[in-house]
Amino acid sequence: QVQLAESGGGLVQPGGSLSLSCVVSGLTSDYTGIGWFRQAPGKQHEGVACVSNSDTSTYYVDSVKGRFTVSRDDAKSTIFLHMTSLKPEDTAVYYCAASKRQAGQGHLCGLSGIHRYYDYWGQGTQVTVSS
């Protein structure tokens, strides 16, 4: 059984930093990618950063480039999202998700609706950026 569990969300002031963690279990090696997504109130899921399993390359959507960084600790089956220079528009519920489909390749991360091609999801963690 595949499980993903996010943690690390919270309230942070604009310009601040926050790191999220996603512990992955039960995922077999045939997955195509793991991604971080977010969903703001009234909006659909938006890809933030995605990692391809084939070459471990990471893709970031334009709105977070230079501010967000993905890292991983394979020994702990954990993938991290390090967020800096946070803005109020980064406020959302953040999810990690895994895909076993071709659409789960990292370079497709920013496409509208790409979240529909991710098969396994965590429960999400709230990030609120506010003064």
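Quantities reported herein were computed from a predicted structural model and do not represent experimental measurements. Heavy atoms only: backbone and side chains are in, while hydrogens, waters and symmetry mates are out.
- With hydrogens and angles ignored, the 3.5 Å screen pairs no side-chain donor or acceptor of Ser52 with any backbone N or O of Gly33.
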Donor-acceptor list for residues 18-27 side chains, cut-off 3.5 Å, not counting sequence neighbours:
| residue | atom | partner | partner atom | Å |
| --- | --- | --- | --- | --- |
| Ser19 | OG | His82 | ND1 | 2.8 |

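- Taking all atoms of both residues into account, the shortest heavy-atom contact from Ser99 to Gly104 is OG-CA, 3.5 Å.
- Cluster membership check: Val48 shares its hydrophobic cluster with Tyr120, using side-chain heavy-atom separations under 4.5 Å among Ile, Leu, Val, Met, Phe, Trp and Tyr.
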For this session: Could you check Val70 against Phe80 for side-chain contact (heavy atoms from CB on, under 4.5 Å), going step by step and ending with a plain yes or no?
Result: CA-CA 6 Å; Val70 172; Phe80 302 93; over 6 Å; no
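- The side-chain contact (heavy atoms from CB on, under 4.5 Å) check on Asp30 picks up Thr28, Lys100, with sequence neighbours excluded.
- Side-chain contact between Ser63 and Glu46: present, with at least one pair of heavy atoms (C-beta onward) separated by less than 4.5 Å.
- Considering only heavy atoms from C-beta on, Asn53 stays 4.5 Å or farther from Ile34 through its side chain.
- For His115, the ring pair (Phe, Tyr, Trp, His ring centres under 6.0 Å) criterion is met by His45, not counting sequence neighbours.
- Summarising the local packing, OH of Tyr117 is surrounded by 12 or fewer heavy atoms from other residues, nucleotides or ligands at distances under 6.0 Å.
- Distance check: Leu108 CG to Ile114 CD1 gives 5.0 Å after rounding to the nearest 0.5 Å.
- Between the side chains of Gln126 and Thr91, no donor-acceptor pair is found at a separation under 3.5 Å.
- Residues satisfying the ring pair (Phe, Tyr, Trp, His ring centres under 6.0 Å) test with Phe37, not counting sequence neighbours, are Tyr118, Trp121.
- Clustering ILVMFWY residues whenever any of their side-chain heavy atoms sit less than 4.5 angstrom apart, transitively, puts Val127 in the very cluster that holds Ile79.
- The shortest side-chain heavy-atom distance between Glu6 and Tyr95 falls under the 4.5 Å cut-off.
- Looking at every heavy atom in both residues, Ser130 comes nearest to Pro14 through C-CD, 3.6 Å.
- Using a 4.5 Å cut-off on side-chain heavy atoms (C-beta onward), Gln105 and Cys50 make no contact.
- Between Tyr31 and Val2, every side-chain heavy-atom pair lies at or beyond the 4.5 Å cut-off.
- The salt bridge (charged side-chain N to carboxylate O under 4.0 Å, His left out) pairs that include a residue from residues 116-131 are Arg101-Asp119, where partners are two or more places apart or lie in different chains.
- For the pair Thr78 (side chain) and Lys76 (backbone), a donor-acceptor distance under 3.5 Å is present.
- Looking at Tyr59 and Val51, their side chains never come closer than 4.5 Å, going by heavy atoms from C-beta outward.
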For this session: Start with the C-alpha gap between Val64 and Met83, add the side-chain angles, then the distance that decides, and say whether side-chain contact (heavy atoms from CB on, under 4.5 Å) holds.
Result: CA-CA 9 Å; Val64 306; Met83 305 182 292; over 6 Å; no
Exercise. Is there a side-chain contact (heavy atoms from CB on, under 4.5 Å) between Ser57 and His107 once you walk through the steps?
Worked result: CA-CA 9 Å; Ser57 54; His107 68 282; over 6 Å; no
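- Taking Lys65 as the reference, Asp62 meet the salt bridge (Lys or Arg N to Asp or Glu O under 4.0 Å) condition, with sequence neighbours excluded.
- Contact annotation: the side chain of Leu81 approaches that of Tyr94 to within less than 4.5 Å [non-hydrogen atoms, C-beta and beyond].
- Side-chain contact between Asp90 and Arg67: present, with at least one pair of heavy atoms (C-beta onward) separated by less than 4.5 Å.
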